[in-house]
Each structure stands twice: as structure tokens, then as C-alpha cells.
Amino acid sequence: SHLSGSIEVERKFVPGPEVEKSLYALGAELLKEIIFRDSYYDSAELRLTLNDYWLRKRGDSWELKHPPQPGTRGLFGASTQYLEVTEEDKIICKVSEVLGVPSPPNMEAFGLNEFASFVTRRRRFQLPLEESSSTMAMVDLDEADFDFAVGEVEVIVQTQEEVQNAFQKVEEICKKLGVFQESAVQGKVATFLQLNRVEHYRQLVEAHVF
Ligand code: V4E
């Protein structure tokens, strides 16, 4: 959701009733509350998502999240790292590569299908900077309109060298917030698919994407 080419290191959690209290106790500040609609798109053969490429329209902007190295999953325990691309010409370039088709003049011309669409109310908290680090940590508390809530600790870095530290930091913050779970917590898209697109979900599990 930020600079083009930045690496998002994230870990999801199940938000208990105490999480806000813990956030404020750690000195976190509520930065903003935003409401947005995400609509996710893929080809008929599900070629994007089966390769762990996540193309969405958030509000009026296209965004693409994909693993840092093709064919590798950006995992560290139950934490993830994904690149986020927000420039439309770069998104078109990546998508045409994964689909194996020539680059069209605009996103619409790919003729992709929407497979998920939902509204999120997000409260974004910022944690205070520690002396020893320059990277900001954010915590999002999300409520989706299909009655699903999830939290996320996120650190954004610019280079692969910073990723290991970011993973450590994300785990540490989860532990301090009392929301650290060993196993991966499902996010909004996975949960939406499990509820509404059972066959698509099954294929993603079979392909080890979920
Ligand atoms: C499903 C998925 C991706 C799409 C974005 O999903 P998510 O991070 O849940 O959405 P959101 O709204 O929090 O995005 P943000 O605002 O933070 O950019 S990107 C990668 N995946 C796959 C995936 C996976 N295989 N495993 C886990 C634990 N998470 C995601």
C-alpha cells in the first residue's frame, strides 16, 4: 500500500478483546481510520492466484502483490514478505508476463474476472520508533463486511538485506501485543474464498498457495 517496489513483511493475528489496550500500552497511536473496497481479479484459469500473484483494485487504484522471487514463497514461519506494485504500467508488465500474453494498453483489456469483492474498515496504528531502528512498524485492525476481523503487524523495507530483521521485529511486536500464534492466520481474501468460492480455494490449497 505504499512506495512502488517496497517489500511488505507482515504477520496476521486474531484480534482479541485486549489488543487495543495492549497497543496503547506500547505507546501506539491511531493514525487513521479508513474504509475501502477491494476487488480481486484473475484469469479464467486462475493463473495469477495459483502463482501467488494478487491483483486488486482498491478504491480507484490497481495494486499487485507478489512474492519477491518468482516461484518462491515469501515465508518466514507464519510471516510473509510480498512486493507491492502500484504503478499501472509495471502492473500490466508483470501480469502479462505471468499470463503469458502480450501487454495490452490498459488493465481492462486483459479481460480478467472479479473473484472477490468486499469492504474493509481499517484502523491503522503506528508504533513508536525504537532508538536502534529506522523502520516504522504499523498495526492494522481490519473488519471486513462479511463479518470477519483480522489484525496485521507490518514492517516495510526497501532491500532484501533488511528482510530478516523485519521478520524478527514483526514477531517481537506480535509477542508484545500478546497476539503471537505459531501457525498462519488466514486473511480476508483466503477467508472470503473459503466461504464463497470453494473450488477456487481448494485449488489454492492444492497448489500450496494457502
Ligand atoms: C491472499 C494474499 C494476498 C492478497 C492480500 O491479502 P491480505 O494481506 O490478506 O490483504 P490486506 O488487505 O491486509 O492487504 P494490505 O492492505 O496489507 O496490502 S498477498 C499474499 N497472499 C497470500 C497469503 C498467503 N499465502 N499466506 C498468508 C499468511 N497470507 C497471505
Side-chain angles (χ1 to χ4, degrees), residues 1-15 31-42 46 48-59 61-86 91 94-95 98 114-126 136-146 148-157 166-167 170-171 173-174 179-197 200-210:
S1 39
H2 330 259
L3 297 170
S4 158
S6 49
I7 307 168
E8 302 193 348
V9 175
E10 306 182 329
R11 192 179 184 98
K12 291 184 169 55
F13 61 84
V14 178
L31 271 190
K32 58 182 175 181
E33 177 175 326
I34 50 176
I35 294 172
F36 53 86
R37 175 175 287 278
D38 285 325
S39 299
Y40 284 86
Y41 292 84
D42 205 343
L46 309 179
L48 295 177
T49 56
L50 287 173
N51 284 296
D52 208 11
Y53 277 65
W54 300 90
L55 175 67
R56 70 185 171 209
K57 204 164 194 179
R58 173 166 290 182
S61 308
W62 288 101
E63 301 180 345
L64 178 69
K65 289 176 82 161
H66 67 87
Q69 293 104 16
T72 68
R73 296 204 41 222
L75 288 178
F76 177 87
S79 301
T80 60
Q81 61 166 318
Y82 282 90
L83 288 178
E84 180 157 325
V85 187
T86 53
I91 294 175
K94 290 268 179 203
V95 167
V98 178
E114 181 188 287
F115 66 82
S117 187
F118 48 83
V119 173
T120 298
R121 183 178 78 104
R122 166 169 292 176
R123 281 174 303 148
R124 165 156 286 196
F125 295 82
Q126 185 179 301
M136 290 286 193
M138 306 288 180
V139 179
D140 289 337
L141 298 182
D142 286 357
E143 282 170 31
D145 65 356
F146 52 98
F148 177 71
V150 67
E152 186 174 278
V153 176
E154 177 181 276
V155 169
I156 293 154
V157 296
F167 276 132
V170 162
E171 281 206 7
I173 292 165
C174 285
V179 296
F180 182 82
Q181 283 119 335
E182 282 295 341
S183 54
V185 169
Q186 249 185 205
K188 298 184 295 289
V189 190
T191 304
F192 183 96
L193 290 172
Q194 191 173 27
L195 291 169
N196 301 297
R197 299 269 177 163
H200 190 168
Y201 183 82
R202 190 194 63 72
Q203 289 188 47
L204 289 168
V205 171
E206 195 176 82
H208 306 290
V209 174
F210 288 157

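Every number for a ligand or one of its atoms is a count from 1 in the order of the listing. Being a predicted model, the structure only gives us computed values, none of them experimental.
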Checklist entry - Run the salt bridge (Lys or Arg N to Asp or Glu O under 4.0 Å) check on Arg124 and Glu154 step by step: do they pass? => result CA-CA 10 Å; Arg124 165 156 286 196; Glu154 177 181 276; 3.3 Å; yes

Checklist outcome for this item: Per ring pair (Phe, Tyr, Trp, His ring centres under 6.0 Å), Tyr41 is matched among Trp62, Phe115, Tyr53 by Trp62

Next on the checklist: Measuring from atom 5 (C) of ligand 1, which candidate in Tyr40, Trp54, Phe36 has the nearest non-hydrogen atom?
Outcome noted: Tyr40

Checklist entry - Under a 4.5 Å cut-off applied to non-hydrogen side-chain atoms, are Arg56 and Lys65 in contact? => result yes

Next on the checklist: If I take atom OH from residue Tyr201 and atom CD from residue Glu206, how far apart are they, to the nearest 0.5 angstrom?
Outcome noted: 13.0 Å

Next on the checklist: Closer than 4.0 Å to some heavy atom of Glu84 - which atoms of ligand 1 meet that?
Outcome noted: 18 (O)

Checklist entry - Where does Arg122 meet ligand 1, judged by heavy-atom distances below 4.0 Å: at the side chain, the backbone, both, or neither? => result side chain

Next on the checklist: List ligand 1 atoms under 4.0 Å from Glu154, heavy atoms only on the residue side.
Outcome noted: 17 (O)

Next on the checklist: I'd like to know if Leu204 contacts ligand 1, where contact means a heavy-atom distance under 4.0 Å to any ligand atom.
Outcome noted: no

Item to check | Close N or O approach (Lys65, ligand 1; < 3.5 Å) | outcome: yes

Checklist entry - Of Lys12, Gln81, Arg124, His66, which has the heavy atom at the shortest distance from atom 7 (P) of ligand 1? => result Lys12

Next on the checklist: Only heavy atoms of Glu152, strictly under 4.0 Å: list the atoms of ligand 1 that pass.
Outcome noted: 8 (O), 13 (O), 17 (O)

Checklist entry - Quick check: does any side chain N or O of Asp42 sit under 3.5 Å from a backbone N or O of Leu48, one acting as donor and the other as acceptor? => result yes

Item to check | Residue that, paired with Asp142, satisfies salt bridge (charged side-chain N to carboxylate O under 4.0 Å, His left out) out of Arg121, Arg122, Lys12 | outcome: Arg122

Item to check | Per-atom contacts of ligand 1 with Glu8, taking only distances under 4.0 Å to non-hydrogen atoms | outcome: 18 (O)

Checklist entry - Below 3.5 angstrom, do we get any N/O pair linking Arg56 and ligand 1? => result yes

Item to check | Heteroatom distance test (Glu10, ligand 1): nitrogen or oxygen, under 3.5 angstrom | outcome: yes

Checklist entry - Applying a 4.0 Å heavy-atom criterion (strictly less than), which segment of Val150 is in contact with ligand 1: side chain, backbone, both, or neither? => result neither

Item to check | Sub-4.0 Å heavy-atom approach of Gln186 to ligand 1 | outcome: no

Checklist entry - For the residue pair Trp54 and Phe210, does the interplanar ring angle fall in the parallel (under 30°), tilted (30 to 60°) or perpendicular (over 60°) class? => result parallel

Checklist entry - Can you tell me how far CZ of Arg202 sits from CG of Leu193, rounded to the nearest 0.5 angstrom? => result 13.0 Å

Checklist entry - Which atoms of ligand 1 sit under 4.0 Å from any heavy atom of Asp52? => result 22 (C)

Item to check | Spacing of Asp38 atom CG and Thr120 atom OG1 [to the nearest 0.5 Å] | outcome: 5.5 Å

Item to check | Worked verdict on Val139 versus Phe13 for side-chain contact (heavy atoms from CB on, under 4.5 Å) | outcome: CA-CA 10 Å; Val139 179; Phe13 61 84; 3.9 Å; yes

Checklist entry - Under a 4.0 Å heavy-atom limit, does Arg58 contact ligand 1 with its side chain, its backbone, both, or neither? => result side chain

Checklist entry - Could an N or O of ligand 1 be found under 3.5 Å from any N or O of Val209, whether backbone or side chain? => result yes

